[in-house]
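Below you'll find the structure, written out as structure tokens, and then a few comments.
Every value quoted in this text rests on a predicted model; they were computed, and no experiment measured them.
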There are 4 protein chains.
Amino acid sequence: MADLTQTAAVAPRPGKRQRLVAAAVQLLHQQGVQRTTLADIAQVAEVPPGNVYYYFKTKDEVVAAAIDAHLQQIRGALADIDARFDSPRSRLKALVDLFTADSETVTQHGCPIGTLCSELDKRPAHEAFPVADLMHLPIAWAETQFRALGRADAHDLALQLMAAYEGSALLSNTLRDPTILTTAARRLTHWLTTF
Amino acid sequence: MADLTQTAAVAPRPGKRQRLVAAAVQLLHQQGVQRTTLADIAQVAEVPPGNVYYYFKTKDEVVAAAIDAHLQQIRGALADIDARFDSPRSRLKALVDLFTADSETVTQHGCPIGTLCSELDKRPAHEAFPVADLMHLPIAWAETQFRALGRADAHDLALQLMAAYEGSALLSNTLRDPTILTTAARRLTHWLTTF
Amino acid sequence: MADLTQTAAVAPRPGKRQRLVAAAVQLLHQQGVQRTTLADIAQVAEVPPGNVYYYFKTKDEVVAAAIDAHLQQIRGALADIDARFDSPRSRLKALVDLFTADSETVTQHGCPIGTLCSELDKRPAHEAFPVADLMHLPIAWAETQFRALGRADAHDLALQLMAAYEGSALLSNTLRDPTILTTAARRLTHWLTTF
Amino acid sequence: MADLTQTAAVAPRPGKRQRLVAAAVQLLHQQGVQRTTLADIAQVAEVPPGNVYYYFKTKDEVVAAAIDAHLQQIRGALADIDARFDSPRSRLKALVDLFTADSETVTQHGCPIGTLCSELDKRPAHEAFPVADLMHLPIAWAETQFRALGRADAHDLALQLMAAYEGSALLSNTLRDPTILTTAARRLTHWLTTF
DNA sequence: TATGAATGAGCGTTCATTCAT
DNA sequence: CATGAATGAACGCTCATTCAT
């Protein structure tokens, strides 16, 4: 049978840009935006330092690419939940389950999205990044689920859900206590079951 | 008669150190730690740049002083509540009221304490700051109040309260919507009334 | 029957090198040598960046080729004058006419040859380019004409003529005033008529 | 008698900025703007590299300062001529004498002002420098002298004078022949005597 | 022959920190 | 005590040049 992965053979770039974005996502989470140098990113991605600029014109473009990667990841995760669960309630519970999937990492470095938004919002307006979407996406999705459950206050409930997660993630991180996050998740799950 | 303001004449310009700390608190909140230079702080404090090092040996000491100032402010605010209110329930409500006292500022720059913890937790362990106290203090205080109300799950409730605030503050900031914070505060107040 | 266009099929895209040189001549004039990158030249020539090095080993070789193109152009122009005019006097006037043929371009970017010589003479001796010929060629030609007119000071007159042009071109460019160049040309023409 | 140079004693900066500007003027002349690095300038000025930025915010500011130094030097030289000579004719001759005062340097590196204008005019409009004044100043001054001599075409004569100098300087530099400049100066002097 | 990708040396710039007075 | 000046390490970025295919 013929090789179906023909492009892979010719591909001159074995995911180098992809590796750079992955490294950026990781380091931005672990060290923050300001403390992460392009040399750091290049090193983790195993790419020569100067080569970063073949793929990205500026550091800000790398950050933007990392934000975009987060967006894609969120979209994918929500689509996956949609595909795997039918009822709005089970979908919301699945989201809460995602919250605790990486509780150890979140405890060490905070919520990847929350800390990114927090840091980037410190920038002056003319250097701002479109991070609001990172929050808006899961909120809008949760709102849809609550609305499907007949809740008129769907928007508020969605905000409440995300705020509970982000707040717990921050406390877990600051106090270095993963149980804060898991306890909060358990409470949220119970809430979703009973209301 | 002798000069009664003798110290004023020789002593360092009154409140110079104090002004530096106040400027640091303000700028760390608005611009973040990494983006704020000592020159920025000196300028806002109206202190000559080189003079900062008379009061602080390193930038980290300035940050530590700002953290300490936050600690004092929190202690003061909680002591003030203790003095002004008798019942645990009214005290907790007073705390929630504090949450929204600066909702506009929080919407613009996030919770001063939350964003500080978030950013400083990105540091490697050997450069860490004792920011956990900033969170621990109000949590322990709230736990005391919940316990006084006879709640066995006082610790969890305190965490839940603070997480709700920090999460709402983050969402308000990221989505630039102060109503997220005020709505959350209203819900918390109602919760404290009815439970 | 054999393919009569054999070379066209295999040979490098026709005029690729030529396009590169033309682009170099243009950009070196407009932006100067140092400010013009090989990527700029490749882009204007519509040649892939990496491909430049198939035709030229270094950037300096591209510059050398541009200088050579100027040399050819000058030789061609002078030969053309020789062919079209008989008397030395009319030939010299024809040269002066050339001076103002592109007065707008000269006003915007200076004399292509003069500015090239000016910039390249800033180089250390071991990186020098043979730009003197660019000046020497028209001077020697003018000298021949003046000599044919019986002038013993032919060399000086030739230098005077070229200096008047180059100086006017520089002033036109710096002061953004094309009339400086055209006025100078008119005076030179009158001088050639009357002396 | 009291020390009249009291400020000199306290002066914390022994002409460091001045040395930097002088080094910039020298190197910009010898190597051109683009080829001169701030490290070069710092080294010639015997100033630590990083310290340049205490006096100038950007490299462009250093260039601007060098341009300004040229302006001052020109103003000073013209004022000096005005002070030393009475008649317009002798003043113009004095200017021509200045042209050849540094004929060796001009032969090696071109006219400091002419080459600066030539190189900086290659910049895009939004990065332009105010170099026109460098040319305008001596032209306006010469025009004044010619007008004082009763010449209606004073402006043209002034342009002609400066163009003759700048053109000769360029040719001297390109052909590495100082006699081109001195011969031109002699001719100009003669012209000023006889017309 | 042709080309997208890769590479590293070097430059401008920032800023925490130190020093001389 | 106070301060303008000084310092150097490090970062973002450019670009001529090379390489693998």
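A donor-acceptor contact shorter than 3.5 Å is absent between the side chain of K122(A) and the backbone of V33(B). Side chain of R19(A) to backbone of A45(A): a donor-acceptor contact under 3.5 angstrom is found. Using a distance-only test at 3.5 Å, with no hydrogens or angles considered, a donor-acceptor pair links the side chain of H29(D) to the main chain of G110(D). Of the possible polar contacts, one joining the E61(D) side chain to the K57(D) backbone as a donor-acceptor pair under 3.5 Å is found. Without hydrogens or angle criteria, E119(C) side chain to Q34(C) main chain gives a donor-acceptor distance under 3.5 Å.
Distance from the side chain of K16(C) is smallest for dA2(E) among the nucleotides dT7(E), dA2(E), dT7(F).
The pair E127(B)-R35(A) counts as a salt bridge, with a side-chain nitrogen and a carboxylate oxygen less than 4.0 angstrom apart.
Atoms CD (E61(C)) and P (dA16(F)) sit 15 Å apart, rounded to a whole Å. Atom CD in E46(C) sits roughly 16 Å away from atom P in dA2(E) (whole-Å rounding). Between the CZ atom of F56(A) and the P atom of dC11(F) there is a distance of 20 Å, rounded to whole Å. Atom P of nucleotide dT3(F) and atom CG of L20(B) are separated by 11 Å, given to the nearest angstrom. Spacing between atom OH of Y54(B) and atom C1' of dG4(F) amounts to 18 Å, rounded to whole angstrom units. We find that CG of N51(A) is positioned 15 Å from P of dC13(F), with the value rounded to whole Å. To the nearest angstrom, P of dA16(F) lies 13 Å from CD of Q43(C).
Between V52(B) and V52(D), it is V52(B) whose nearest contact on DNA chain F lies nearer the 5' terminus.
Phosphate proximity of dA2(E) to Y55(C): present, with a side-chain N or O under 4.0 Å from OP1 or OP2.
With sequence neighbours excluded, no residue forms a salt bridge (charged side-chain N to carboxylate O under 4.0 Å, His left out) with D40(A).
Exactly one of Q31(C), Q30(C), K59(C) qualifies for a side chain to side chain donor-acceptor pair (under 3.5 Å) with T36(C). That residue is Q31(C).
Scanning both residues, A24(C) and A66(C), for their nearest heavy atoms gives CB-CB, 4.2 Å.
Base-pairing analysis of DNA chain F finds the following stems of at least three consecutive Watson-Crick or G-U pairs, with both pairing distances under 3.5 Å: E:2-21 with F:2-21.
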**Prompt:** Where along nucleotides 12-18 of chain E does protein come under 4.0 Å, by heavy atom, of base (B) or sugar-phosphate alone (S), with - for untouched nucleotides?
**Reply:** SBBSSBB
